[in-house]
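Have a look at the structure below before the remarks.
Just so we're on the same page: letters track the sequence lines, and every chain starts at 1.
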2 protein chains.
Amino acid sequence: MHNVSQEDYLKRILLLEQAEPGQSVSMGALAGSLSVAPASVTGMVKTLVRRNWVDYEPYVGVRLTDEGRGQAMRVLRRHRLIELFLVRTLDMDWSLVHKEAEAIEHVVSDDLLERIDAFLGYPTVDPHGDPIPDARLRITSNDSECLADCEAGRRLCVARIIDQDSDFLQYIEKVGLKPGTNLKVVSRDDGGQVMEVRLQRGGSTMLAFTAASRVLVESRD
Amino acid sequence: MHNVSQEDYLKRILLLEQAEPGQSVSMGALAGSLSVAPASVTGMVKTLVRRNWVDYEPYVGVRLTDEGRGQAMRVLRRHRLIELFLVRTLDMDWSLVHKEAEAIEHVVSDDLLERIDAFLGYPTVDPHGDPIPDARLRITSNDSECLADCEAGRRLCVARIIDQDSDFLQYIEKVGLKPGTNLKVVSRDDGGQVMEVRLQRGGSTMLAFTAASRVLVESRD
DNA sequence: TCCAGGTTTTAGGGATAACTAAAAATACCA
DNA sequence: TGGTATTTTTAGTTATCCCTAAAACCTGGA
């Protein structure tokens with residue numbers, strides 16, 4: 001990405017806030033996440049402050065204002081509807097639509113987005129399992145938990161993959177952990193991120209699964 | 001439009017060249033067509049010259065180089081495929097997709113465009129009847145003529161509407177002159193632009209039709 | 001032929017977003 | 001508490017693409 005728009009900054013701040021609730025977002029995190037120099041972030045944040053979209057405390061970080069959060073949610077909505085639209089119409093791999101949506105999300109008109117929303121039947125989650133804000137920017141709450149926190153023996157259903165990284169998504173695809181997949185935790189390594197699960201679908205496959213903290217699941221009984 | 005990209009300039013030069021074959025495109029025509037000040041055009045044209053995309057003679061005008069024409073055709077291809085894609089998938093009115101495509105055409109990846117092309121079955125004309133360059137930028141030639149030039153009594157098939165103007169397209173839609181519509185010339189006013197045609201579809205409707213020069217047709221017997 | 005009017009170019013700025021390098025502030029550790 | 005290391009900000013440029021105003025250039029009529 002070479003030129004990052006104000007919308008990109010807002011969306012990224014929202015995602016980073018969600019990843020670390022209650023914390024303000026540091027300039028460094030933003031810069032790294034957007035592949036931009038820290039100095040560029042300082043400059044852009046000043047613009048966002050002028051627009052009343054973020055509160056900013058020098059040397060500490062930024063937080064979205066209500067207005068800024070609204071803007072960010074709008075971008076997120078566009079992003080996720082476009083992803084789903086591409087998956088549905090062109091049968092594209094859900095690990096590949098992210099970059100396309102990232103570009104298109106900034107140029108679709110409200111009218112077009114409305115039509116896409118209607119075409120898709122007003123969905124509440126996108127292909128990654130991430131929630132899609134509705135036209136009034138409300139999110140259908142889901143009470144999922146982190147796969148890393150689930151005890152051995154539990155039966156679960158994959159609800160959501162918290163990651164936009166293409167490599168990770170392709171890995172997820174390969175091992176068959178799409179949203180909707182049923183699975184059972186066979187054992188887990190409490191040390192942290194390595195976990196062994198058995199998939200229920202198509203016979204019992206064993207697999208070691210790293211980065212379980214990036215997968216959200218729902219109880220299945 | 002507030003910021004016009006180099007791609008927009010190239011595409012517009014191509015369209016203006018096609019409208020007036022053999023002529024070079026004047027700065028004024030470009031400026032008017034892109035809703036930009038003449039001084040802005042002079043500046044941008046210098047950039048395009050540096051990139052070897054146009055030949056430019058001061059106080060005369062610009063012409064696309066072969067390389068520039070290739071670039072412009074690529075943009076045109078993207079534009080028309082996207083228009084058709086929106087019409088097909090979202091059942092959008094073909095008089096309304098132009099503006100959307102205008103924005104999206106600059107951000108779709110080659111991969112996505114390939115998929116859209118395949119999804120549409122490698123079409124050769126867009127919803128307006130305009131030819132779509134194929135992946136190698138070739139156009140399927142069609143030997144259509146201008147409705148304004150056709151004598152009374154001829155049976156014709158609408159091949160193409162040469163116009164991006166939303167009002168005109170909606171008028172065309174209203175009187176039922178989509179590409180593919182069969183019609184017969186009942187009489188014509190040689191004075192110029194007013195012409196009376198009868199549509200074959202659904203009984204014989206009479207209508208006075210202005211701006212016949214903006215409609216291309218093919219012989220029907 | 002010459003001048004008036006239209007067209008095009010030059011000159012000088014403005015907005016957005018990025019960068020590097022250096023200075024300032026903060027955090028951490030001994 | 002002092003000093004180093006990290007983070008953040010400031011300052012100064014760059015690159016795109018826009019504008020207005022004024023100068024330069026062409027063209028056509030008297």
Which residues pass the side-chain contact (heavy atoms from CB on, under 4.5 Å) test with [X], not counting sequence neighbours?
X: B:A39; value: none
X: A:T89; value: A:F85, A:F119, B:F85, B:T89
X: A:R115; value: A:D111, B:L90, B:M92, B:L96
X: A:Q18; value: A:L14, A:L15

One thing to verify: whether B:E67 and B:R51 come together as a salt bridge, which I'm taking to mean a side-chain N less than 4.0 angstrom from a carboxylate O.
no

Pair A:E102 + A:K11, salt bridge at N-O below 4.0 Å
yes

The side chain of A:V4 is closest to which nucleotide in this list: D:dT20, D:dT10, C:dA18?
C:dA18

Quick check for you: among C:dT20, C:dT10, D:dC18, whose closest atom lies nearest to any side-chain atom of B:V36?
D:dC18

Rounding to a whole Å, what distance do you find between [X]:[atom1] and [N]:[atom2]?
X: B:H106; N: D:dC17; atom1: NE2; atom2: C1'; answer: 14 Å
X: B:L10; N: D:dC17; atom1: CG; atom2: C1'; answer: 15 Å
X: A:H2; N: D:dC17; atom1: NE2; atom2: P; answer: 14 Å
X: A:Y9; N: C:dA17; atom1: OH; atom2: P; answer: 9 Å
X: A:K46; N: D:dT8; atom1: NZ; atom2: P; answer: 14 Å
X: A:E57; N: D:dT7; atom1: CD; atom2: P; answer: 18 Å

Residue-phosphate contact under 4.0 Å: B:S40 side-chain N/O, D:dC17 OP1/OP2:
no

Return the polar atom pairs (N/O with N/O) between nucleotides 24-26 of chain C and the protein under 3.5 Å, or none.
residue: C:dA25; atom: O4'; partner: A:Y59; partner atom: OH; Å: 3.4

List in chain and number order the residues that pass salt bridge (charged side-chain N to carboxylate O under 4.0 Å, His left out) with [X], two or more places apart in sequence or in another chain; answer none if no residue qualifies.
X: A:E7; value: A:R78
X: A:R77; value: A:E114, A:D117
X: B:D91; value: none

Could you write nucleotides 11-16 of chain D as a row of B, S and -, 5' to 3', where a protein heavy atom under 4.0 Å of any base atom gives B, of only sugar-phosphate atoms gives S, and otherwise -?
------

Base, sugar-phosphate or nothing for A:T47? Non-hydrogen atoms, less than 4.0 Å.
nothing

Starting at the 5' end of DNA chain C, which residue's closest nucleotide do you reach first, A:V41 or B:V60?
B:V60

